[in-house]
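Values reported hereafter were calculated over all heavy atoms of this structure, with side chains retained and with hydrogens, waters and symmetry mates removed. Quick caveat, the model's predicted, so the values are computed rather than measured.
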Amino acid sequence: MNFLKYWCVSAPSTTQTLTKQTTMEALIEMLGNATFENYVGAAEGYTEMAYQMSAHVLTLGYAIMLAALLYFILTIKTVAPKYRTSSVLSVVVMVSAFLLLYVQSQNWTSAMVYDADTARYVLGSGNDLFNNGYRYLNWLIDVPMLLFQILFVVTLTKSDFSSIRNQFWFSGTGMILTGYVGQYYEVTSPTLFFVWGFISTLFFIHILILMKRVINEGKEGAPAKAQKYLGAIWTLFFFSWMLYPGAYLMPYLFSLSADPALTETAVVARHITYTIADVASKVIYGIFLTLAAQEMSKAEGYDYEKMESAL
Ligand code: RET
C-alpha cells in the first residue's frame, strides 16, 4: 500500500490542499529517520525500470562476490606463502560481502511492493523499511580487512607495521560508525547529516594519508612490475573509496540545494554507485594485490608458472 495515499485518505480534508511543504511534513511524520529511498517509495513509488534496475544491480553485487570468492581461493598457491594472508583476507571480505549484500538486496525487494492501480512499486506496509545499514555493517568488517590486506603484501621501509595497522583500524571504524549515524538524518536533518558526514570525512582523510605512505614505502625495493601494480592500486583505491561518500551525498548531488532530491533517478544512481564501488574496492583491489604478490614471489624465486602444484 502506498503510505502517502493511505495518509491522504485517512487524514482530514486539509490534505486536498497539500503543498510541497506539507507533503514533506506528512512524509516525515510517517517515515521519520528512514532513508530517502523510502520517501520516494511512499511519495511517488518507482517505475518498473527504476525498481528492476535497482533489484538487478543489487543482485549483480552479491553474485560478483561469490564468483570472486572462487578466484581468491583458487589463486592462493600462485603466491609465496608469506603473501597468502592477503588472499585469506580477500576470502573473508568476499564471504561477508556476499552475505550482507544478499540481505541488502532482499531488503529492497521486500520493502517495495507492486501496486497494480498505479503500476508502480511503492513502499509496502508490514515489512522492514529499506535501509543501507547492512552496507555499513559490512564495511565495519571489510574496511579494516582491506586496509590490513596490503600490509601483508608490501614491506614497510620506515613505518611500524602494528602502528599503521592500529591507525587503519581506528580511523576505518571511526569513519564508518560516524557515517552510519549520519545516514539516518539524510531527510529529517540535513545539518546533522552533514556534520556526521564531515566528522567521518576527517577519518577518511587520515586513511588516505596512511595508504599513500604505505604504497610509497612498499614501492621502494619492489620489482618493477610489482611497482606498476602498486601504482595502479593507489589510483584504484582513491577513486573507488571516493565513490562511497558520493553515494552518501546522492540525494543532495541530485538536488544541489538544502533539501534532498526525492527522485527515483537518485535512488538508482546510489545503488549503481555502491555496486561499482564494492566491485572496485574489494574485488579488483584484491586481484591487483594478488598480481603484485605474484610478481614479488617470482622475484624471490617462487614462480607459480613453472610449478605444477600451484594451480
Ligand atoms: C561515509 C560517510 C560520509 C563521509 C565518508 C564516508 C566514507 C565511506 C567510505 C567507505 C568505504 C567502504 C569500503 C567498503 C568495502 O567493503 C561513511 C559514506 C567519507 C570511504 C571500501
What's the shortest heavy-atom distance between [X] and [Y], and which atoms?
X      : Y      : value
Ala258 : Pro190 : O-CG, 3.6 Å
Ser96  : Asp142 : OG-OD1, 2.8 Å
Ala50  : Val268 : O-CG2, 3.6 Å
Phe288 : Ala232 : CE2-CB, 3.7 Å
Pro81  : Tyr302 : CD-CE1, 4.1 Å
Glu264 : Gly45  : OE1-O, 4.0 Å

When rounded to the nearest 0.5 angstrom, what is the spacing between [atom1] in [X] and [atom2] in [Y]?
X      : Y      : atom1 : atom2 : result
Asn138 : Tyr102 : CG    : OH    : 16.0 Å
Thr22  : Glu29  : OG1   : CD    : 11.5 Å
Phe72  : Leu289 : CZ    : CG    : 8.5 Å
Lys282 : Met65  : NZ    : CE    : 5.5 Å
Ser105 : Tyr134 : OG    : OH    : 12.0 Å
Ile164 : Asp160 : CD1   : CG    : 8.0 Å

Sub-6.0 Å ring centroid separation between [X] and [Y]:
X      : Y      : value
His271 : Phe130 : yes
Trp234 : Phe239 : no
Trp169 : Phe148 : no

Side chain to side chain contact (heavy atoms under 4.5 Å, CB included) assessment of Thr173 paired with Trp139: CA-CA 9 Å; Thr173 49; Trp139 304 343; over 6 Å; no
Under 3.5 Å, side chain of [X] to main-chain N/O of [Y], donor-acceptor pair present?
X      : Y      : answer
Ser200 : Trp196 : no
Ser297 : Val79  : no
Glu217 : Ser159 : yes
Gln227 : Ala222 : yes
Arg270 : Ala247 : yes
Gln104 : Arg135 : yes

Of [options], which meets side chain to side chain contact (heavy atoms under 4.5 Å, CB included) against [X]?
X      : options                        : answer
Leu89  : Arg84, Met145, Met94           : Met145
Asn33  : Leu192, Asn131, Thr188, Leu129 : Thr188
Tyr274 : Asn132, Leu243, Val57, Leu101  : Asn132

Between [Y] and [X], do the side chains contain a donor N or O and an acceptor N or O under 3.5 Å apart?
X      : Y      : answer
Tyr244 : Ser281 : yes
Asp278 : Thr275 : no
Asn38  : Thr35  : yes
Thr290 : Gln294 : no
Glu48  : Tyr121 : yes

Please step through ring pair (Phe, Tyr, Trp, His ring centres under 6.0 Å) for the pair Phe168 and His206, ending with a clear verdict. CA-CA 9 Å; Phe168 267 160; His206 182 223; 8.3 Å; no
Carefully, step by step, assess Ser110 and Asp128 under the rule side chain to side chain donor-acceptor pair (under 3.5 Å). CA-CA 8 Å; Ser110 64; Asp128 276 7; over 6 Å; no
Phe238/Thr235 under side chain to side chain contact (heavy atoms under 4.5 Å, CB included): CA gap, chis, key distance, verdict: CA-CA 5 Å; Phe238 184 81; Thr235 314; 6.0 Å; no
Is any side-chain heavy atom of Glu25 less than 4.5 Å from a side-chain heavy atom of Ile28? no
Between Ser54 and Tyr46, is there a side-chain heavy-atom distance shorter than 4.5 Å? no
If Ile, Leu, Val, Met, Phe, Trp and Tyr residues are connected whenever their side-chain heavy atoms lie under 4.5 Å apart, and connections chain through other members, are [X] and [Y] in the same group?
X      : Y      : result
Ile176 : Leu137 : yes
Leu230 : Phe152 : yes
Ile76  : Met296 : no
Leu74  : Tyr285 : no
Tyr180 : Trp241 : yes

Could you walk me through whether Glu220 and Lys158 satisfy the salt bridge (charged side-chain N to carboxylate O under 4.0 Å, His left out) test, starting with their C-alpha distance in whole Å, then the side-chain angles of each, then the deciding distance to 0.1 Å, before giving a yes or no? CA-CA 11 Å; Glu220 290 167 22; Lys158 295 182 212 81; 3.5 Å; yes
Take Ile150 and Met211 through the side chain to side chain contact (heavy atoms under 4.5 Å, CB included) test and state the conclusion after the steps. CA-CA 9 Å; Ile150 193 164; Met211 185 54 109; 3.9 Å; yes
Ring pair (Phe, Tyr, Trp, His ring centres under 6.0 Å), that's the test. Do Phe193 and Tyr252 meet it? Break it down for me. CA-CA 11 Å; Phe193 173 75; Tyr252 293 90; 5.2 Å; yes
Which word best sums up how the rings of Trp108 and Tyr51 line up, parallel for under 30°, tilted for 30 to 60°, or perpendicular for over 60°? parallel
Might you confirm whether atom CE of Met24 has over 12 heavy atoms from other residues, nucleotides or ligands at distances under 6.0 Å? yes
Take atom CZ in Phe170; do more than 12 heavy atoms of anything else shown fall under 6.0 Å from it? no
Report the C-alpha separation of Ile141 and Val93 in whole Å, then their side-chain angles, then the decisive distance to 0.1 Å, and conclude whether the side chain to side chain contact (heavy atoms under 4.5 Å, CB included) test is met. CA-CA 8 Å; Ile141 304 167; Val93 167; over 6 Å; no
What's the verdict on side chain to side chain donor-acceptor pair (under 3.5 Å) for Tyr39 and Glu186, showing C-alpha distance, side-chain angles and the deciding distance? CA-CA 11 Å; Tyr39 280 80; Glu186 67 183 15; over 6 Å; no
Report the C-alpha distance between Glu295 and Lys228 in whole Å, list the side-chain angles of each, state the deciding distance to 0.1 Å, and finish with yes or no for salt bridge (charged side-chain N to carboxylate O under 4.0 Å, His left out). CA-CA 10 Å; Glu295 292 309 326; Lys228 241 180 57 197; over 6 Å; no
